[in-house]
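Reviewing the structure listed below.
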Amino acid sequence: MNLITTIILITMILSMVLAIVAFWLPQMNPDAEKLSPYECGFDPLGSARLPFSLRFFLVAILFLLFDLEIALLLPLPWGNQLLLPSTTFFWAAAVLILLTLGLIYEWTQGGLEWAE
């Protein structure tokens with residue numbers, strides 16, 4: 001019991017010290033940009049009709065599209081417990097091939113070029 005008590009005491013003391021340091025360590029006088037309600041890079045008090053870069057939007061959409069690969073392949077380990085593991089391999093390969101073809105298409109069309 002003495003070891004468990006010591007570990008709990010060390011954990012509590014370390015947690016309290018880290019919380020106190022995290023509370024007092026940050027800068028107490030943030031600048032005007034940090035106090036701004038928006039962090040998107042636009043001036044919140046300026047005109048709302050500023051041009052928006054479509055390249056940025058396209059890269060963001062492509063990131064979301066290819067990030068779905070992770071969500072679609074996450075259940076793969078549980079799929080290996082099926083009666084035919086080759087079915088799981090087939091569907092995983094189909095998803096990866098489809099995403100690879102999409103990446104090749106975007107690459108050839110110039111959708112991944114940031115600067116012209």
Side-chain angles (χ1 to χ4, degrees):
M1 284 307 270
N2 197 11
L3 180 64
I4 294 175
T5 307
T6 306
I7 291 174
I8 291 175
L9 184 66
I10 290 173
T11 304
M12 288 177 53
I13 289 172
L14 186 61
S15 299
M16 290 174 62
V17 167
L18 289 175
I20 290 170
V21 168
F23 180 73
W24 291 106
L25 191 61
Q27 183 181 2
M28 293 299 177
N29 298 325
D31 56 354
E33 291 179 7
K34 209 55 165 162
L35 293 175
S36 174
Y38 301 104
E39 294 181 2
C40 62
F42 294 115
D43 182 20
L45 302 175
S47 173
R49 304 278 183 212
L50 292 175
F52 183 73
S53 172
L54 265 128
R55 291 265 181 215
F56 178 77
F57 180 73
L58 179 65
V59 169
I61 292 296
L62 286 175
F63 171 76
L64 289 175
L65 177 70
F66 291 115
D67 195 41
L68 282 176
E69 174 187 0
I70 295 171
L72 292 174
L73 293 177
L74 267 176
L76 189 61
W78 290 280
N80 282 334
Q81 298 174 2
L82 294 175
L83 295 176
L84 296 172
S86 59
T87 309
T88 305
F89 175 74
F90 170 73
W91 286 112
V95 168
L96 288 175
I97 289 171
L98 183 66
L99 287 172
T100 304
L101 290 175
L103 178 64
I104 291 170
Y105 176 76
E106 286 296 326
W107 197 331
T108 57
Q109 294 297 316
L112 300 177
E113 300 288 332
W114 186 258
E116 293 180 19

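These numbers were taken from a predicted model, which means no experiment stands behind them.
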Quick check on the hydrophobic clustering: are [X] and [Y] connected, directly or via other members, by side-chain heavy-atom contacts under 4.5 Å?
| X | Y | answer |
| --- | --- | --- |
| Leu98 | Phe90 | no |
| Trp107 | Ile104 | no |
| Val21 | Ile13 | yes |
| Met12 | Ile4 | yes |

Non-neighbouring partners of Thr6 that pass side-chain contact (heavy atoms from CB on, under 4.5 Å), sequence neighbours left out: Asn2, Ile10

Identified side-chain contact (heavy atoms from CB on, under 4.5 Å) partner of Thr11 from the options Ile7, Ile8, Leu14: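 Result: among Ile7, Ile8, Leu14, Ile7 is the only option passing the side-chain contact (heavy atoms from CB on, under 4.5 Å) with Thr11.
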
Please list every donor-acceptor pair under 3.5 Å in which a side-chain atom of residues 56-64 meets a protein atom from a residue at least two apart or in another chain.
none

